Amino acid sequence: MGIGTIVVLGALAVLVVYAIMLYNNLVQVKHNVSKAWANIDVLLKQRHDELPKLVETCKQYMTFEQDTLVRVMEARSRVSTAREAQNVGALGPAEGVLRATLGNLFALAEAYPDLKTNQTFQQLQTRISGLENAIADRREFYNESVNINNVRIEQFPDSIIAGMFSFKPAPLLEFQAEEKADVDVKKLFNS
């Protein structure tokens, strides 16, 4: 074997090792997106399990507010359906409706002093508010993971490996314009 053959084989070996490293990095980025979605899914499931308890507690006090309780449960169902289907596009709007109905529920609770002082209601309200904050944090992490994935599979030379092994872009978790608008607290208290 001549020196030229050794150089060519060495260059090929370096190229193969580099391609393997790119592939492994892309796999890790893809799985980070899946992990970020799974984190959101866990929190959505926890909130899904807590909402019936909150509604049941409210039912004991809010005899004239059944419409609000029904809307909370309907919104919960839409979020659950989107979550189970892993439909990121439907999850954003469903989340917006659920957050709005929960806001209405908590605002209406102000009119029921016995409910506001009920320890179960307070614990559930605190728990659900904590879950909402955690979900917001996880949504941010998910979108960051998706962004990294989508950029990596489009950048050269990663795009070559991504194309060869069918790496796909992931959808961002986006929200409707009304969800991003400031909340009209006065309107919530007057509803």
Side-chain angles (χ1 to χ4, degrees), residues 1-52 74-103 126-183:
M1 265 205 295
I3 193 113
T5 307
I6 293 174
V7 169
V8 169
L9 288 176
L12 282 175
V14 167
L15 200 58
V16 167
V17 168
Y18 182 67
I20 290 170
M21 288 173 42
L22 283 178
Y23 175 82
N24 288 339
N25 285 333
L26 287 172
V27 167
Q28 182 178 4
V29 167
K30 179 180 84 168
H31 286 287
N32 283 344
V33 171
S34 297
K35 181 174 85 174
W37 175 258
N39 288 338
I40 291 173
D41 191 47
V42 166
L43 292 170
L44 291 175
K45 174 81 170 95
Q46 288 175 357
R47 184 182 61 190
H48 179 80
D49 292 344
E50 296 292 331
L51 286 176
E74 287 171 352
R76 170 188 173 256
S77 177
R78 283 193 294 275
V79 168
S80 177
T81 300
R83 180 187 62 81
E84 289 172 5
Q86 295 188 0
N87 184 345
V88 176
L91 184 62
E95 276 283 304
V97 171
L98 180 58
R99 249 186 265 113
T101 58
L102 278 175
T126 301
R127 171 85 171 125
I128 290 171
S129 296
L131 286 170
E132 290 296 321
N133 292 334
I135 290 168
D137 289 342
R138 290 293 142 201
R139 276 194 305 248
E140 184 179 333
F141 179 70
Y142 171 80
N143 280 342
E144 181 62 24
S145 297
V146 166
N147 186 51
I148 290 169
N149 177 71
N150 294 349
V151 167
R152 288 285 307 270
I153 64 174
E154 290 182 22
Q155 284 181 330
F156 182 81
D158 294 15
S159 60
I160 296 170
I161 301 295
M164 288 173 48
F165 292 98
S166 301
F167 284 85
K168 303 284 184 217
L172 289 168
L173 185 52
E174 298 178 308
F175 300 100
Q176 297 174 339
E178 58 268 7
E179 260 191 274
K180 299 174 191 174
D182 287 339
V183 175

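Just the heavy atoms: all of them, side chains too, but no hydrogens, waters or symmetry mates, feed the values below. These numbers come from a predicted model, not from an experiment.
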**Study point:** Whether over 12 other heavy atoms sit under 6.0 Å from Leu12 CG
**Key:** yes
Check your understanding: Who pairs with Asp49 by side chain to side chain donor-acceptor pair (under 3.5 Å), at least two apart in sequence or on another chain?
Key -> Lys45
Review point. What residues, two or more places apart in sequence or in another chain, satisfy side-chain contact (heavy atoms from CB on, under 4.5 Å) together with Phe165?
Key: Tyr23, Ile161, Phe167
**Study point:** Arg138 side chain near Ile135 side chain, heavy-atom distance below 4.5 Å
**Key:** no
Check your understanding: Where the side chain of Asn149 meets the backbone of Pro169, is there a donor-acceptor pair that is under 3.5 Å apart?
Key -> no
Practice item. Evaluate the criterion side-chain contact (heavy atoms from CB on, under 4.5 Å) for residue pair Thr101 and Glu74; output intermediate values, then yes/no. Key: CA-CA 10 Å; Thr101 58; Glu74 287 171 352; over 6 Å; no
**Study point:** Check: Leu98 and Leu51 side chains under 4.5 Å, non-hydrogen atoms
**Key:** yes
Exercise for review: Flag this pair as yes if the NZ/CZ of Arg139 is under 6.0 angstrom from the six-membered ring centre of Tyr142 and inside a 45 degree cone about the axis; otherwise no.
Suggested key: no
Check your understanding: Does any non-hydrogen side-chain atom of Asn24 lie less than 4.5 Å from one of Met21?
Key -> no
**Study point:** Passing candidate, side chain to side chain contact (heavy atoms under 4.5 Å, CB included) with Val151, options Asn147, Ile153, Ile148
**Key:** Asn147
Check your understanding: What distance separates Ile20 CD1 from Asn25 CG, expressed to the nearest 0.5 Å?
Key -> 12.0 Å
Point to revise | Where Leu173 and Ile40 come nearest, the two heavy atoms and their spacing | key: CD2-CD1, 4.1 Å
**Study point:** Any pair counted as salt bridge (charged side-chain N to carboxylate O under 4.0 Å, His left out), so long as it reaches residues 143-153, sequence neighbours left out
**Key:** Arg152-Asp158
Review point. Would Arg47 and Leu44 satisfy side-chain contact (heavy atoms from CB on, under 4.5 Å), going step by step from the backbone distance to the final call?
Key: CA-CA 5 Å; Arg47 184 182 61 190; Leu44 291 175; 3.3 Å; yes
Cut-off 3.5 Å, no hydrogens considered: what does the side-chain donor-acceptor table look like for residues 75-86, sequence neighbours left out?
residue: Arg76; atom: NE; partner: His48; partner atom: O; Å: 2.8
residue: Arg76; atom: NE; partner: His48; partner atom: ND1; Å: 3.3
residue: Arg76; atom: NH2; partner: His48; partner atom: O; Å: 3.2
residue: Arg76; atom: NH2; partner: His48; partner atom: NE2; Å: 2.9
residue: Ser80; atom: OG; partner: Glu84; partner atom: OE2; Å: 3.3
residue: Thr81; atom: OG1; partner: Ser77; partner atom: O; Å: 2.9
residue: Arg83; atom: NH1; partner: Asp41; partner atom: OD1; Å: 2.9

Point to revise | Thr126: side-chain contact (heavy atoms from CB on, under 4.5 Å) partners, not counting sequence neighbours | key: none
Check your understanding: Looking at Ala170 and Val146, what are the two nearest heavy atoms and their distance?
Key -> O-CG1, 3.1 Å
Would you mind writing out the side-chain donor-acceptor pairs for residues 29-38 within the sub-3.5 Å range, not counting sequence neighbours?
none

